[in-house]
Amino acid sequence: MTSTRQRILSGAKPTADSLHLGNYIGAVRQWVDMQSEYDPVFFIPDLHAITVDFDPVELAKRTRIVAAQYIAAGIDPDKSIFFVQSHVPEHAQLAWALNCITGYGEAARMTQFKDKTAKAGSDAATLGLFAYPSLMAADILLYQADLVPVGEDQRQHLELTRTLAQRFNSRFGETFKVPQATILKSTAKIYDLQNPAAKMSKTGESPNGAIQLLEDPKTAAKRIKSAVTDDGTEIRFDAEAKPGISNLLTIYATLTNRTIADLEEAYQGKMYGHLKTDLAELMVEFLTPLRARTNELMSDPAELDRLLARGAGRARDIASVTLASVYDRIGFLPLSGGR
Ligand code: ATP
Ligand code: LTN
């Protein structure tokens, strides 16, 4: 039976030793919430992770950690197709075909490529980094995804994905669903605890600026308590005038499913310190089971690998159908008969 639910697809790269709170609130948690309503495909883009400098031992370790963290955070491998990109060879295969209908200038205009090349220097930037967007297009188009929930920084890549789908369809016949560029409105952006003007990220300046989902919850609590706050004393959401307190309120509201207005009312007349103490406690309550579950999953890598292999099998069932149709339309000779 084919599902009538819309298909959503997304992924986060295995480029750190732990997801941080920004990844959780801005991405993984939303994916978890969407699992039941949509037909979900989530994956770990390890092919994308090697487009910048990487270490093989670290990559393998990080891929398992991210997988365990997704599951611990609530991605249910029974509800979602959940897999590692390199386990499904169709991604690289379709990416090649898409490379051949992507203009050189078109790829060179991608701001992520320009930014990363400017940072690394053009000799350090690889062909893989240049082809990052067509591989991302392949990730999406293979599964005929309707919606792709991503952050604002990925908007241009999604636009290119749509362009490539339309170009292929008009040149070779209707093959791909053209996905919607879905930048989730509700995607809360979480800011650095020490510098609320910058987003919380893997590469923030101060280690106290980010909360790692796998760190000691007591350390995380300390980071909340030492978060930079603003002038004044009133606990009120005002991203312009009170970026520090507003960030803490966003985190608090997400972790408790309460509204900001409700929190503002509850903290009327109280001090910043009260809010921080309560949020620090909440953080411990939130991180402790998440960390335990992640470590439990990590302690049985064979089971984790089995779940990922099952996901890859389900992914290939879909991806291979799309790729076969693409190859046929391109005019590649079918492989028939014996060897
Ligand atoms: P980072 O900035 O930490 O390197 P990233 O955005 O470069 O992360 P991914 O690891 O692929 O790369 O991000 C996974 C998801 O997490 C993306 O959808 C991204 O939009 C989201 N995300 C990352 N940081 C934040 C944040 N501070 N607030 C909200 N969402 C975030
Ligand atoms: N580029 C994305 C990760 C990513 C992705 C995808 C997201 C790779 N392929 C396909 C959605 C759909 C990032 O850096 N967050």
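Just follow the structure's listing: the first ligand is 1, and inside any ligand the first atom is 1. All values below were derived from every heavy atom in this structure, side-chain atoms included, with hydrogens, water molecules and symmetry-related copies excluded. Count residues from 1 along the sequence.
- Taking a cut-off of under 4.0 Å to the non-hydrogen atoms of L9, the atoms of ligand 2 that pass are 10 (C), 12 (C).
- Every atom of ligand 2 with a heavy atom of V148 under 4.0 Å away is listed here by number and element: 11 (C), 12 (C).
- The side chain of Q154, and not its backbone, has at least one atom closer than 4.0 Å to an atom of ligand 2 (non-hydrogen atoms only; side chain from C-beta on).
- The distance criterion of under 3.5 Å between nitrogen or oxygen atoms is not met by K189 with respect to ligand 1.
- Of all the atoms in ligand 1, the ones that sit under 4.0 Å from a non-hydrogen atom of K199 are 2 (O), 6 (O), 23 (C), 24 (N), 27 (N).
- Residue V150 approaches ligand 2 through these ligand atoms, each under 4.0 Å from one of its heavy atoms: 7 (C), 11 (C).
- T288 has its side chain out of reach of M283: every pair of non-hydrogen atoms, C-beta onward, lies at least 4.5 Å apart.
- Between F113 and F130, the gap from one ring centroid to the other is short of 6.0 Å.
- Atoms of ligand 2 found under 4.0 Å from any heavy atom of D139, numbered from 1 in the order shown, are 6 (C), 8 (C), 9 (N), 10 (C).
- The closest approach between any non-hydrogen atom of A12 and ligand 2 is not below 4.0 Å.
- Ligand 2 has no N or O atom lying under 3.5 Å from any N or O atom of S10, backbone or side chain.
- Between the side chains of S320 and E90, no donor-acceptor pair is found at a separation under 3.5 Å.
- Salt bridge present: R64 and D305 bring a charged side-chain N and a carboxylate O closer than 4.0 Å.
- A donor-acceptor pair shorter than 3.5 Å can be found between the side chains of Q69 and S18.
- Counting only non-hydrogen atoms, the option in K202, K13, H20, H48 that gets closest to atom 4 (O) of ligand 1 is K202.
- Of the listed residues (S10, G22, A210, P149), the one carrying the non-hydrogen atom nearest atom 31 (C) of ligand 1 is G22.
- Remark: ligand 1 atoms within the under-4.0 Å shell around heavy atoms of A27 are 15 (C), 16 (O), 18 (O).
- Within ligand 2, the atoms closer than 4.0 Å to a non-hydrogen atom of H48 are 8 (C), 9 (N), numbered from 1 in the order shown.
- When every heavy atom of A319 is checked against every heavy atom of L142, the shortest pair comes out as O-CD2, 3.6 Å.
- By the 4.0 Å N-to-carboxylate-O rule, D78 lies close enough to R310 to be salt-bridged with it.
- In this structure, Y70 has its ring center at least 6.0 angstrom away from the ring center of F42.
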- [ ] Decide yes or no on ring pair (Phe, Tyr, Trp, His ring centres under 6.0 Å) for F176 and Y143, but give the supporting numbers first.
- [x] CA-CA 9 Å; F176 297 124; Y143 301 92; over 10 Å; no

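- Aromatic ring centres of Y267 and H274 lie farther apart than the 6.0 Å criterion allows.
- Where the criterion is an N or O separation shorter than 3.5 Å, residue side chain and backbone included, Y191 fails it with respect to ligand 1.
- Y252 has its ring centre no less than 6.0 Å from the ring centre of F237.
- Between H87 and F43, the ring center distance fails the sub-6.0 Å criterion.
- The shortest heavy-atom distance from I25 to ligand 1 is not under 4.0 Å.
- Atom numbering of ligand 1 starts at 1 in the shown order; those under 4.0 Å from a heavy atom of I190 are 26 (C), 27 (N), 28 (N), 29 (C).
- Regarding atom 3 (C) of ligand 2, its nearest protein heavy-atom neighbour is G11 O, 3.7 Å.
- Regarding atom 14 (O) of ligand 2, its nearest protein heavy-atom neighbour is K13 NZ, 2.9 Å.
- Distances from atom 1 (N) of ligand 2 to the heavy atoms of F43, F42, Y132 put Y132 nearest.
- Considering backbone and side-chain atoms together, G11 places no N or O closer than 3.5 Å to any N or O of ligand 1.
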